Amino acid sequence: MQWFGRRESSNTEDGSAIGGRGIALGGGVIGIIAAAIYYFTGIDPSAVLNGFQQGGGQQGNNTEVVADTKEKKFAKVVFADTEDVWNKLFSDMGRTYEKPILHFYQEAVNTACGTAGAEVGPFYCPGDQRVYLDLSFFKELSDKFGAAGDFAQAYVIAHEVGHHVQYLLGVSQKMDQARQQLSKEEYNKLSVKLELQADFYAGVWAYYQKNMKNVLDPGDIEEALNAARQIGDDRLQKEFQGEVHPDSFTHGTSAQRMYWFKKGYETGDPKQGNTFAAADLE
């Protein structure tokens, strides 16, 4: 991806702190958290995420500044591009895009959704409309997940911004209501559709990276598709549990994640990403 020297988002902030009332990532906070939990702990993420949803923590005391590295500049450029793309798309819908904040932290951070450690991976908190990112995850994405390349990293950020889009469109709020009414298995099925829609939105963003920004390099889309493949529920369960349990999927299979990202990239049309209405997800 051609990013060096381009506009960096000003909607960013820094801060790390250990505190709060325990990890409580509720209200639609589902980025690739489950994938990260699989990888780093081997624990069934649905059980852990249920624990995250017990109450909310407090944001504050986040004062540590994250060094202005190449990776940080890159993330700011990607975030700026998501702003440009979604500004346009929301304008086309007759709406105003309310920009989220990209929050850089190290090791642990207090959020409106609770306290999170870096092991959960990048995530979006609708309570404060922030995407949280510990930049060390980029190295983990390459070295441990097998998803190398700058556009694999860009895909992760765009996916989290996709959750912000869902929040603005009211999808996340409906998921909150469903969580109170459905069994874990039924809710997991909706969670998969939520995540696949965020993958689709990341693909839509990639479409405009090519056609509006003209900043893609050869192989960029393949990097994103490989990242989607590597963090599919089926692949991660097979890797860390030795067997696959579809009832516990929360993000979708590798094939599903690749399919919906690719559909977004090929169409560039947000209206075609209604995963909740899709009878067949791949």
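Values below: all heavy atoms of this structure, side chains included; hydrogens, waters and symmetry mates excluded. Being a predicted model, the structure only gives us computed values, none of them experimental.
- Here F200 and F261 keep their ring centres 6.0 angstrom or further from each other.
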>> Evaluate V156 against L141 for side-chain contact (heavy atoms from CB on, under 4.5 Å), listing each step before the verdict.
In response: CA-CA 9 Å; V156 170; L141 186 65; 3.9 Å; yes

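- Among H159, R130, E160, the single residue meeting the side-chain contact (heavy atoms from CB on, under 4.5 Å) criterion with Y124 is E160.
- No hydrogens or angles considered: a donor-acceptor pair under 3.5 Å links the side chains of E83 and S9.
- Taking D220 as the reference, nothing meets the salt bridge (charged side-chain N to carboxylate O under 4.0 Å, His left out) condition, with sequence neighbours excluded.
- Take E8 and apply the side chain to side chain donor-acceptor pair (under 3.5 Å) test, not counting sequence neighbours, and it matches no residue.
- A salt bridge is defined here as a Lys NZ or Arg NE, NH1 or NH2 lying under 4.0 Å from an Asp or Glu carboxylate O, and D84 with R7 meets this definition.
- Here the closest heavy-atom approach between residue Y132 and residue C125 is recorded as CE1-CB, 3.9 Å.
- Legend: residues meeting salt bridge (charged side-chain N to carboxylate O under 4.0 Å, His left out) with K139, ordered by chain and number and at least two apart, are D143.
- Put simply, the side chain of T12 reaches to within 4.5 Å of the side chain of F104, judged on heavy atoms.
- R229 places no side-chain N or O within 3.5 Å of a backbone atom of M258 that could act as its donor or acceptor partner.
- Every residue was checked against the salt bridge (charged side-chain N to carboxylate O under 4.0 Å, His left out) condition with E223, not counting sequence neighbours, and none meets it.
- Y105 and A118 make their closest contact through OH-CA, 3.5 Å (heavy atoms, listed as atom of the first residue, atom of the second, distance).
- Scored by the side chain to side chain donor-acceptor pair (under 3.5 Å) test, T267 finds no partners at all (sequence neighbours excluded).
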>> Run T115 and T111 through side-chain contact (heavy atoms from CB on, under 4.5 Å) and show every step you take.
In response: CA-CA 6 Å; T115 302; T111 82; over 6 Å; no

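- Here M175 contributes atom CE and Y167 contributes atom OH; the two are 15.5 Å apart, rounded to the nearest 0.5 Å.
- In the hydrophobic clustering of this structure, V165 does not group with I101; members are Ile, Leu, Val, Met, Phe, Trp, Tyr whose side-chain heavy atoms approach within less than 4.5 Å, directly or through other members.
- When the side chain to side chain donor-acceptor pair (under 3.5 Å) test is applied to K210, no partner is found at least two apart in sequence or on another chain.
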>> Could you go through D176 and R179, starting from their C-alpha distance and side-chain angles, then the distance that decides it, and tell me whether this counts as side-chain contact (heavy atoms from CB on, under 4.5 Å)?
In response: CA-CA 5 Å; D176 281 344; R179 182 185 294 117; 3.0 Å; yes

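- Counting all heavy atoms, side chain and backbone alike, A198 lies closest to G162 at CB-C, 4.4 Å.
- Counting heavy atoms from C-beta on, the side chains of V204 and Y265 never come closer than 4.5 Å.
- For residues 203-229, the set of pairs meeting the ring pair (Phe, Tyr, Trp, His ring centres under 6.0 Å) definition, not counting sequence neighbours, comprises F151-W205.
- At a threshold of 4.5 Å between non-hydrogen side-chain atoms, the residues H164 and T82 do not count as touching.
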> Where do Q197 and V171 land on the side-chain contact (heavy atoms from CB on, under 4.5 Å) test, with the steps shown first?
Replying inline: CA-CA 10 Å; Q197 188 178 64; V171 177; 4.0 Å; yes

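- Formation of a donor-acceptor pair under 3.5 Å by the Q166 side chain with backbone atoms of L194 is found in this model.
- Of the candidates W86, Y155, W260, Y201 forms a ring pair (Phe, Tyr, Trp, His ring centres under 6.0 Å) with just one, namely W86.
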For residues 71-81, tabulate all N or O donor-acceptor pairs below 3.5 Å that involve a side-chain atom, not counting sequence neighbours.
from: E71; atom 1: OE1; to: T69; atom 2: OG1; distance (Å): 3.4
from: K72; atom 1: NZ; to: D14; atom 2: OD1; distance (Å): 3.4
from: K72; atom 1: NZ; to: D14; atom 2: OD2; distance (Å): 2.5
from: K72; atom 1: NZ; to: V66; atom 2: O; distance (Å): 2.7
from: D81; atom 1: OD1; to: R6; atom 2: NH2; distance (Å): 2.6
from: D81; atom 1: OD2; to: R6; atom 2: NH1; distance (Å): 3.2
from: D81; atom 1: OD2; to: R6; atom 2: NH2; distance (Å): 2.8
from: D81; atom 1: OD2; to: Q209; atom 2: NE2; distance (Å): 2.9

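- To the nearest 0.5 Å, the span separating CD on E222 from CG on D217 amounts to 11.5 Å.
- In this structure F90 satisfies the ring-ring contact (aromatic ring centres under 6.0 Å, His included) test together with Y97, sequence neighbours excluded.
- Closest heavy-atom contact between L190 and A178: CD1-CB, 3.7 Å.
- With sequence neighbours left out, Q129 forms a side chain to side chain donor-acceptor pair (under 3.5 Å) with no residue at all.
- Considering every non-hydrogen atom in both A147 and A152, the closest pair reads O-CB, 3.8 Å.
- Within 6.0 Å of NZ on K262 lie no more than 12 heavy atoms contributed by other residues, nucleotides or ligands.
- Here the side chain of Q256 pairs a donor or acceptor atom with the backbone of T253 at under 3.5 angstrom.
- Across A206 and L216, no two heavy atoms sit closer than the pair O-CD1, 4.0 Å.
- In terms of hydrophobic clustering, with Ile, Leu, Val, Met, Phe, Trp and Tyr side chains grouped at heavy-atom distances under 4.5 Å, V131 and L168 are assigned to a common cluster.
- Here the straight-line distance linking atom OG of S254 with atom CG of N226 works out to 9.5 Å at 0.5 Å rounding.
- The salt bridge (charged side-chain N to carboxylate O under 4.0 Å, His left out) analysis of residues 147-158, with sequence neighbours excluded, yields no pairs.
- Within the structure, no pair that satisfies the salt bridge (charged side-chain N to carboxylate O under 4.0 Å, His left out) test touches residues 267-278, not counting sequence neighbours.
- With hydrogens and angles disregarded, a donor-acceptor distance shorter than 3.5 Å links the side chain of H103 to the backbone of G15.
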